[in-house]
Enquirer: 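Have a look at this one before I ask anything.
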Amino acid sequence: MVFFKGSKTPDSDVEDTGMILPTIPSDDAFAEDPQVWDLIVVGAGVAGASFAYEQGQQGRRVLLLERDLSQPDRIVGELLQPGGYLALKSLGLEHCVDGIDSQKVYGYCMFKNGEEAKVGYPLTGMGDDVAGRSFHHGRFVQRLRQSAANCSSLTVRQGIVKRLVNDKGEDWEEGQAVTGVRYKSASDGKDRTALAHLTIVCDGMYSSFRSKLGKGDVKHPSYFVGLLLKDVELPHPNYGHVVLASPSPVLFYPISSNEVRCLVDYPGEKLPPMTSGALHEYLVEKIAPQVPETLREAFCKAVNAGRIRTMQNKQLTSTPLHQPGALLLGDSFNMRHPLTGGGMTVALSDTALLSSMLQPLPNFTSSVETCDATSSFYVKRKPLSATVNTLANALYRVFCSTGSTAQEDMRQACFDYLRLGGVYSQGPVSLLSGLNPRPSVLVAHFFGVALFGVSRLLFPRPSVKGVISSVALIYTACCIILPIVRTEGLRAVFFPFLATTPKPSASMRKAARSASQNLVRTRA
């Protein structure tokens, strides 16, 4: 059953009133649960639902736990890059972008001071279906969850996971193997314990277990202020639109056949108060005049309608602790600024990678063998994830207007570099799309932009002022890119073959082996 526009919806306050997909039924047949699951997945978002589906397709007994199985209502996670679509396709889930009024996206158009730079994805020879996809996030997630629920060996259940547990069903402590979870069932409110040979934690950006399984460094660079524009045509249909406004970018992209999402970035850790009208005033007086004229009226109409939504953006770099029996996946482990829409591409690529590493194992009964099989996961994911992360975080820094002359020179150079077309635009957009995730290409083009900016400052004849400005531009470029690369890990990013593969200590291996034996006896 689908609720279409105009019909009564389960929640009249939700933004998406055009198509509300039904809540996924919670399978609460507790008596039919196995003593020990092959796998427990915590969180049924993009990464969790996709991973659970893939494992269910392999015949594993999977318990997928989610706190709320109704359709999510979010203003991000609405753009899937072509590289992410290919990862979705490799998992057999490409049908999830069908039947939700998703829109194909073929590239981006940037706007700056009345000028445009249009760049398309390099999709030649990839098939008619390969493109970016934009949609209402909740519709896509519900399609993923329904696909998972259709797997006969997979149980989808609504409940709040409260603790990780050891092989005795007690609260997990450092030095022990993770062998399941304790959760509160939504159907009866009881606390229940589920044991499993492997637990995958995908509980999103507000993860409750991140600190148990990794050491994370979270930054809050900005907020997104979300608006929904209806019945408006974008200047370039089926393209994302990026306005290089001051102080930071404004995004427009289609999320259905008659709706356009607008995301206004507001830098800093504190928004203007909405209750006092300060945020409304900021949007109308500061941002609206910078919006392309063809979109300005619709933008102001959406602001005045009062449906203004906000979300704090996060950047997260984590170091995994490699606890036997558990892994972090998705936003619970790694996030980047959402400017480039790379989050789902990384999540789905990580899902496909981890699935391929687990596939050779007939089962997960040995925590040590499973840990050894997946020990290189966090290393092998680095080239793609680091490319997407670095590009997103660096572009955000470049696209922000700080008042610095060197920063503005870099911003203008980036805009003009992409306007050149050919290899100058195809290289960067292949990185943005997730189709060519090579860190070396990213760094080459980043400094290519800087040198392009320098050449303009020194042309046609070098001057003292031009030389000083050039040095300042190069310095600014280094200050942007080098800290980001250092945070991602220089060796892991550029020389993954030299990166050490972590292994559990001898004491941890012993504890894991003992826990596995106890679980096997419990299962028998």
Side-chain angles (χ1 to χ4, degrees), residues 1-4 14 16 18-25 27 41 43-58 60 62 64 66 68-106 123 126-156 200 202 204 238 253-257 259 261 329-331 341-356 433-435:
M1 180 180 182
V2 178
F3 296 87
F4 289 99
V14 298
D16 182 8
M19 182 186 296
I20 305 298
L21 300 179
T23 298
I24 306 301
D27 184 346
V41 179
V46 173
S50 301
F51 185 76
Y53 169 84
E54 203 283 335
Q55 294 300 305
Q57 288 293 100
Q58 294 187 32
R60 316 262 197 207
V62 182
L64 176 59
E66 166 60 38
D68 185 359
L69 289 171
S70 63
Q71 182 168 311
D73 186 32
R74 297 179 60 192
I75 62 170
V76 292
E78 297 174 322
L79 177 62
L80 180 64
Q81 297 286 2
Y85 175 78
L86 289 177
L88 188 74
K89 193 172 182 178
S90 73
L91 294 166
L93 286 166
E94 68 271 22
H95 61 275
C96 292
V97 298
D98 298 329
I100 57 174
D101 198 17
S102 67
Q103 304 296 299
K104 286 187 176 181
V105 177
Y106 296 108
L123 303 175
M126 293 190 178
D128 293 340
D129 65 316
V130 181
R133 292 294 197 286
S134 53
F135 37 65
H136 279 275
H137 173 82
R139 300 179 189 179
F140 179 57
V141 169
Q142 287 304 87
R143 291 279 283 159
L144 293 174
R145 291 173 176 176
Q146 187 59 63
S147 296
N150 290 339
C151 295
S152 58
S153 64
L154 195 155
T155 297
V156 180
I200 304 296
C202 317
N238 298 105
Y253 53 90
I255 58 174
S256 75
S257 54
E259 295 170 308
R261 170 69 70 203
L329 189 65
D331 285 352
M344 290 190 292
T345 296
V346 173
L348 291 168
S349 297
D350 283 355
T351 296
L353 172 62
L354 182 57
S355 296
S356 68
S433 64
L435 295 172

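Remember, predicted model here, so these are calculated numbers, not experimental data.
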Enquirer: For the pair His136 and Ser256, evaluate side chain to side chain donor-acceptor pair (under 3.5 Å) and give the outcome as yes or no after the intermediate values.
Expert: CA-CA 7 Å; His136 279 275; Ser256 75; 4.7 Å; no

Enquirer: Side-chain contact, heavy-atom cut-off 4.5 Å: Arg143 with Leu21?
Expert: yes

Enquirer: Given 3.5 Å as the limit, does a donor-acceptor pair link the side chain of Ser134 with the main chain of Pro254, or not?
Expert: yes

Enquirer: Are Gln58 and Glu54 linked by a side-chain donor-acceptor pair shorter than 3.5 Å?
Expert: yes

Enquirer: Verify, without hydrogens or angle tests, whether His137 (side chain) and Arg74 (backbone) share a donor-acceptor contact under 3.5 angstrom.
Expert: no

Enquirer: Decide yes or no for Gln71 and Met19: does some side-chain heavy atom of the first lie under 4.5 Å from some side-chain heavy atom of the second?
Expert: no

Enquirer: In sequence, state the C-alpha distance, the side-chain angles, and the governing distance for Asp331 and Val46, and then conclude on side-chain contact (heavy atoms from CB on, under 4.5 Å).
Expert: CA-CA 10 Å; Asp331 285 352; Val46 173; over 6 Å; no

Enquirer: Donor-acceptor pair, distance only, cut-off 3.5 Å: does the side chain of Gln81 make one with the backbone of Leu435?
Expert: no

Enquirer: Taking all atoms of both residues into account, what is the closest heavy-atom pair of Gln142 and Pro22, and its distance?
Expert: NE2-O, 3.1 Å

Enquirer: Applying side-chain contact (heavy atoms from CB on, under 4.5 Å) to Ile200 and Leu354, what does each step give before you reach the verdict?
Expert: CA-CA 10 Å; Ile200 304 296; Leu354 182 57; 4.1 Å; yes

Enquirer: Any side-chain heavy atom of Ser355 sitting closer than 4.5 Å to one from Phe51?
Expert: yes

Enquirer: Is the closest side-chain heavy-atom distance between Gln57 and Cys151 below 4.5 Å?
Expert: yes

Enquirer: Can you confirm whether the side chains of Tyr253 and Glu78 place a donor and an acceptor under 3.5 Å from each other?
Expert: yes

Enquirer: With heavy-atom distances below 4.5 Å as the criterion, would you say the side chains of Val346 and Met344 are in contact?
Expert: no

Enquirer: Donor-acceptor check, side chain of Glu66 to backbone of Gly43, threshold 3.5 angstrom: yes or no?
Expert: no

Enquirer: Measure the CG-OG1 distance between Leu93 and Thr351 for me, rounded to the nearest 0.5 Å.
Expert: 9.5 Å

Enquirer: To the closest 0.5 Å, what do you measure between CZ (Phe140) and OG (Ser102)?
Expert: 9.0 Å

Enquirer: How long is the span from the CG atom in Leu86 to the CG atom in Leu348, to the nearest 0.5 Å?
Expert: 11.0 Å

Enquirer: Do the side chain of Ser433 and the main chain of Pro82 share a donor and acceptor less than 3.5 angstrom apart?
Expert: no

Enquirer: Between the side chain of Arg139 and the main-chain N/O of Ile100, is any donor-acceptor distance below 3.5 Å?
Expert: yes

Enquirer: Would you please say whether a donor-acceptor pair under 3.5 Å links the side chains of Tyr53 and Asn150?
Expert: no

Enquirer: Ser50 side chain to Ala47 main-chain N or O, any donor-acceptor pair under 3.5 Å?
Expert: no

Enquirer: Could you report the tightest heavy-atom contact between Gly83 and Thr345, atom names first, then the distance?
Expert: C-CG2, 4.0 Å

Enquirer: Verify side-chain contact (heavy atoms from CB on, under 4.5 Å) between Phe135 and Leu79, making sure each step is shown before the conclusion.
Expert: CA-CA 7 Å; Phe135 37 65; Leu79 177 62; over 6 Å; no

Enquirer: What heavy-atom pair brings Ala131 and Tyr106 nearest, and what distance separates the two atoms?
Expert: CB-CE2, 3.8 Å

Enquirer: Report yes if some heavy atom in the side chain of Glu94 is under 4.5 Å from a heavy atom in the side chain of Tyr85; otherwise report no.
Expert: yes

Enquirer: Is there side-chain contact between Arg133 and Lys104, with at least one heavy-atom pair below 4.5 Å?
Expert: yes

Enquirer: Using a 4.5 Å cut-off on heavy atoms from C-beta on, say whether the side chain of Val62 contacts that of Thr155.
Expert: no

Enquirer: Report the C-alpha distance between Asp27 and Leu154 in whole Å, list the side-chain angles of each, state the deciding distance to 0.1 Å, and finish with yes or no for side-chain contact (heavy atoms from CB on, under 4.5 Å).
Expert: CA-CA 10 Å; Asp27 184 346; Leu154 195 155; over 6 Å; no

Enquirer: Would you say the side-chain atoms of Ser153 pair up with the backbone N or O of Gly56, donor to acceptor, closer than 3.5 Å?
Expert: yes

